[in-house]
Amino acid sequence: ETKDLLSIYTDDQILNTRQMIDPTMIMAMKFLGKIIGGMNQIMPASSPHVTQRIIQLSLLHGMSPVSPIGFAHLGSYTAKLGDIS
């Protein structure tokens, strides 16, 4: 699902996404960023869902300091599956 979401954006569009300014969204992203680290250890099957949510919120509401964490987890998960293209 995340790859489908990203497929409609070019690299330049993603790189030039506006900055997140909504304080509520920033707090939500911080929360997701904090829990994703622990989820890899405790509930690894749920980690991709949190990663997807971080990326969705980043694309819809702007990039936050937590956004790179979501993209890094996506890259790691994609590499783990051997689906690098």
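Side chains included, hydrogens not; waters and symmetry mates left out as well; all remaining heavy atoms used.
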Connected to L15, directly or through other members, by ILVMFWY side-chain contacts below 4.5 Å are none

Would you say CD1 of I8 has more than 12 non-hydrogen atoms from neighbouring residues, nucleotides or ligands within 6.0 angstrom?
yes

- Query: Any chance CZ of F71 has more than 12 other-residue heavy atoms, nucleotides or ligands included, within less than 6.0 Å?
  - Reply: yes

Contacts satisfying side chain to side chain donor-acceptor pair (under 3.5 Å) that involve residues 58-70 (not counting sequence neighbours) are S58-S67

One should read off an interatomic distance between M63 CE and M29 CE, to the nearest 0.5 angstrom, of 8.0 Å

- Message: Count I, L, V, M, F, W, Y as connected when their side-chain heavy atoms are under 4.5 Å apart, and connections chain through other members. Are L57 and I55 then in the same cluster?
- Response: no

Residues at least two apart in sequence or cross-chain that pass side chain to side chain contact (heavy atoms under 4.5 Å, CB included) with K30, listed by chain then number, are I26, M27, V66

Across all chains, not counting sequence neighbours, the side chain to side chain contact (heavy atoms under 4.5 Å, CB included) partners of Y9 are Q13, I14, L59

**Prompt:** Is there a path from I69 to M39 through hydrophobic residues (I, L, V, M, F, W, Y) whose side chains come within less than 4.5 Å of each other?
**Reply:** yes

request  = Could you state whether F31 and M25 fall into the same hydrophobic cluster, counting links through intermediate Ile, Leu, Val, Met, Phe, Trp or Tyr residues with side-chain heavy atoms under 4.5 angstrom apart?
outcome  = yes

Without placing hydrogens or testing angles, list every side-chain donor-acceptor pair under 3.5 Å for residues 43-51, not counting sequence neighbours.
residue : atom : partner : partner atom : Å
S47     : OG   : N40     : OD1          : 2.6
T51     : OG1  : S47     : O            : 3.1

Side chain to side chain donor-acceptor pair (under 3.5 Å) pairs touching residues 15-29, sequence neighbours excluded, are none

By side chain to side chain contact (heavy atoms under 4.5 Å, CB included), Q56 pairs with (sequence neighbours left out) L5, Q52, R53

